[in-house]
Number of protein chains: 2
Amino acid sequence: MDEKASVTIHDIARELKISASTVSRALNDNPRISQATKDKIKSLALKMGYQPNIIASNLRNQKTNTIGIVVPLINRHFFSSFISGVEDVAFASGYNVIISQSNDLLEKEKKIVQSLFSNRVDGLIASLSMQTNEFDHFQLFTNKNIPLVFFDRVVPELEAHKIVVDDFAVGFKATQHLIDQGYRRIAHLAGPTVLNTYHDRMEGYKEALRKNNLTVEDELIIFNRLTRMDGQEAIKQLLALPHPPDAVFCGNDTSALSMMVYMKKIGIRIPEDFGLIGFSNEPFSEVVTPSISTLQQPAFEMGLKAAELLIREIETKNKTQNYQTITMPTELVIRESSLRNAPRSA
Amino acid sequence: MDEKASVTIHDIARELKISASTVSRALNDNPRISQATKDKIKSLALKMGYQPNIIASNLRNQKTNTIGIVVPLINRHFFSSFISGVEDVAFASGYNVIISQSNDLLEKEKKIVQSLFSNRVDGLIASLSMQTNEFDHFQLFTNKNIPLVFFDRVVPELEAHKIVVDDFAVGFKATQHLIDQGYRRIAHLAGPTVLNTYHDRMEGYKEALRKNNLTVEDELIIFNRLTRMDGQEAIKQLLALPHPPDAVFCGNDTSALSMMVYMKKIGIRIPEDFGLIGFSNEPFSEVVTPSISTLQQPAFEMGLKAAELLIREIETKNKTQNYQTITMPTELVIRESSLRNAPRSA
DNA sequence: CTGAAAGCGCTAACAT
DNA sequence: ATGTTAGCGCTTTCAG
């Protein structure tokens with residue numbers, strides 16, 4: 001039942017009474033090897049069940065053909081779609097992908113980045129954890145000029161490529177929509193504003209209020225981590241206000257959902273009494289009742305772009321030094337939870 | 001702006017005028033090195049920004065401290081929870097995890113397994129794609145006695161460890177529940193029955209009917225891939241029958257949801273006119289209206305178990321040769337979509 | 001077109 | 001307690 005060590009190019013070489021370098025070249029389709037010997041070698045390799053040892057190859061080549069991804073949670077539709085986009089491009093270009101999740105924990109993010117570096121990934125694609133407020137761990141990559149692309153949750157001070165959406169415009173658009181629907185006292189549930197995404201969405205929200213001569217009130221802006229629990233706490237807090245809001249723009253769909261569940265329970269009608277809009281178009285937002293209006297980001301396409309950009313960087317190392325920021329379009333998905341009037345002209 | 005090659009143990013050794021092996025030993029806390037030199041070496045390593053080259057270490061040690069996971073889709077709550085379970089155990093035991101998704105495609109699954117093998121993972125945890133009807137690609141692992149654990153979607157003919165739930169019992173339980181609720185003509189939407197999960201669920205369904213003196217009718221059992229689209233097609237087909245069913249037990253929540261959406265649209269009331277039960281407790285099933293009854297599998301715990309089993313195998317290589325099958329408990333989650341009567345005594 | 005030899009960075013006998 | 005040496009499996013000059 002036991003087995004001997006793996007078959008290596010040396011085993012093949014010995015069998016064929018040729019040198020290991022010839023075997024290596026043949027298997028890599030080096031043009032300097034005659035078709036005849038290539039055929040001979042390849043068929044023997046097959047017969048002997050040869051499997052290249054990528055580790056050895058990687059060590060020798062100083063290249064792993066692997067790209068690392070760090071996301072907060074693979075469990076979110078936005079992130080898993082993004083990952084699928086990355087994988088498509090990566091596999092088509094001959095790269096493997098190592099996926100890791102930080103669980104929104106800074107310490108875990110650090111360990112992961114460390115580990116991906118030690119494993120010598122050729123490039124890294126990352127979206128920051130909610131806790132991330134320092135960035136030294138990424139210097140491992142920047143110091144050694146290993147390509148690095150951030151997406152979604154990025155910070156301005158990072159000198160790297162970035163794939164984002166225009167969160168300011170999105171925040172504005174969402175808020176304007178609520179205003180158009182006749183809501184007048186609009187609250188906002190924001191995530192940690194160290195992260196540009198949450199910061200910009202909030203600023204867009206404020207700007208929309210101002211443009212419409214509505215006042216921005218601190219008590220209507222709540223900051224937390226946007227979990228289900230956080231959403232419920234936030235809506236309780238808002239409704240307990242002397243002068244409660246009549247709508248909320250939530251930083252994600254999860255918190256919007258939990259607000260909705262709570263309000264249904266206590267008899268607040270959506271959208272008649274209260275307007276609600278989420279963010280990121282999680283699959284559930286379409287199927288709950290009432291369905292939740294939200295903002296759709298092109299997650300898959302962002303993944304494609306991120307991978308393309310990263311791989312181009314990897315393969316033209318040290319050519320460019322100017323960091324690109326690619327802003328992708330978003331779409332306002334209007335559903336029942338915010339639709340009190342007939343839809344306005346687009 | 002440019003940088004030189006990485007600092008290696010040789011650089012440290014040269015600086016300190018000692019040998020590379022001493023450096024290596026010190027960094028690995030080998031007891032044969034004096035504390036004084038250890039301190040000296042470690043602090044210099046830190047100062048020089050030394051980062052171990054795991055690739056070289058892996059090559060030398062013939063061990064990567066990495067375990068591979070293949071799942072159909074990381075995007076499903078069941079799988080992502082499972083993965084989190086694996087990660088918890090793996091990280092605690094000093095292993096990295098490489099996650100890959102087959103997208104339910106046999107060809108992609110083969111490539112992934114191949115690639116994980118070439119990357120010399122120390123062990124593999126896998127759940128089969130819906131298309132998987134041959135298993136030769138896993139022989140790479142079995143032939144070389146590399147530990148292998150299957151979970152959820154497994155097949156009997158594979159000689160390997162398995163983490164499963166008792167799908168037969170679960171199918172029975174779900175069907176019995178519908179019968180208890182007074183439904184009498186119960187259909188079943190099944191996935192590919194090459195996979196034990198779907199096969200066993202279906203057999204459990206049949207057995208429950210028989211035990212209750214209900215006849216098993218072929219026209220009430222539909223096979224497909226359980227996508228949203230598949231669910232809709234299936235319910236149309238069932239409702240078009242001369243003698244349509246009054247309830248369905250669906251192989252997953254996704255198809256149950258799409259059935260529900262369709263039936264709501266055409267005015268069939270759930271659960272009054274029609275009973276529905278899904279499988280796997282996706283988060284949305286709780287929040288849709290009516291909420292969907294379903295079966296809950298202990299995904300996270302299954303991940304823990306799988307990782308524990310795999311790592312034990314890795315670390316006691318060739319000790320055991322008898323394959324374990326661990327069956328985990330499931331829970332019937334009764335919600336609105338199947339609850340026509342008052343709940344029976346548990 | 002093919003071979004010999006060196007080396008990627010690390011570890012582990014086997015020295016001393 | 002530390003050094004010497006060899007080698008993990010592969011690729012790639014350099015030679016012919």
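What you see is a predicted model, and the numbers here were worked out from it, not measured in a lab. Chain naming here is simple, since letters A, B, ... match the order of the sequence lines and numbering starts at 1 in each.
Nucleotide dG9(C) holds its C1' atom 14 Å from the CG atom of Asn61(A), rounded to whole Å. Rounded to whole angstrom, the span from the CG atom of Leu59(A) across to the P atom of dG7(C) amounts to 14 Å. As rounded to whole Å, 13 Å separates atom P of dG9(C) from atom CE of Met48(B). Atom CG of Asn28(B) is separated from atom P of dG9(C) by 17 Å (rounded to the nearest Å). Regarding Arg25(B), its CZ atom lies at a distance of 14 Å from the P atom of dT5(D), rounded to whole Å. Put simply, CD1 on Ile9(B) is 5 Å from P on dC10(C), counting in whole angstrom units. dC10(D) atom P lies 12 Å from atom CZ of Arg14(A), rounded to whole Å. The separation between Gln62(A) atom CD and dG9(C) atom C1' is 8 Å, rounded to whole Å.
For dT2(D), the OP1/OP2 oxygens have a side-chain nitrogen or oxygen of Thr37(B) closer than 4.0 Å. Applying the 4.0 Å criterion to OP1 and OP2 of dC1(C), one finds that Gln35(A) has every side-chain N and O outside that range. Between Ser19(A) and the phosphate of dG3(C), there is a side-chain N or O to OP1/OP2 separation shorter than 4.0 Å. Dashed line: the shortest gap from a side-chain N or O of Gln51(B) to OP1 or OP2 of dG9(C) is not under 4.0 Å. Applying the 4.0 Å criterion to OP1 and OP2 of dT2(D), one finds that Ser21(B) has every side-chain N and O outside that range. For the OP1/OP2 pair of dT2(C) and a distance below 4.0 Å, the side-chain nitrogens and oxygens of Ser34(A) include at least one atom meeting the criterion.
Between Lys42(A) and Asp29(A) a salt bridge is recorded (basic side-chain N to carboxylate O distance below 4.0 Å).
Atom NZ of Lys305(B) sits in a sparse spot, with 12 or fewer heavy atoms from other residues, nucleotides or ligands closer than 6.0 Å.
A donor-acceptor pair shorter than 3.5 Å can be found between the side chains of Ser19(B) and Thr22(B).
Side chain of Thr8(A), nearest nucleotide from dA15(C), dC10(D), dT4(D): dC10(D). In the set dG7(C), dG9(C), dT2(D), the nucleotide with an atom closest to the side chain of Arg60(A) is dG7(C). Nearest nucleotide to the side chain of Thr22(B), out of dT11(C), dC10(D), dG3(D): dG3(D).
Ring-centre distance between Phe82(B) and Phe151(B): below the 6.0 Å cut-off.
Nucleic acid contact class of Ile18(A) (heavy atoms, under 4.0 Å, all strands): sugar-phosphate only.
The closest donor-acceptor contact from the side chain of Lys108(A) to the backbone of Gln101(A) lies under 3.5 Å.
Nucleotides of DNA chain C nearest to Asn30(A) and Asn53(B) differ in position, and the one nearer the 5' end is that of Asn30(A). Residues Tyr50(B) and Arg32(B) each lie close to DNA chain C; by heavy-atom proximity, the contact nearer the 5' end of the strand is made by Tyr50(B).
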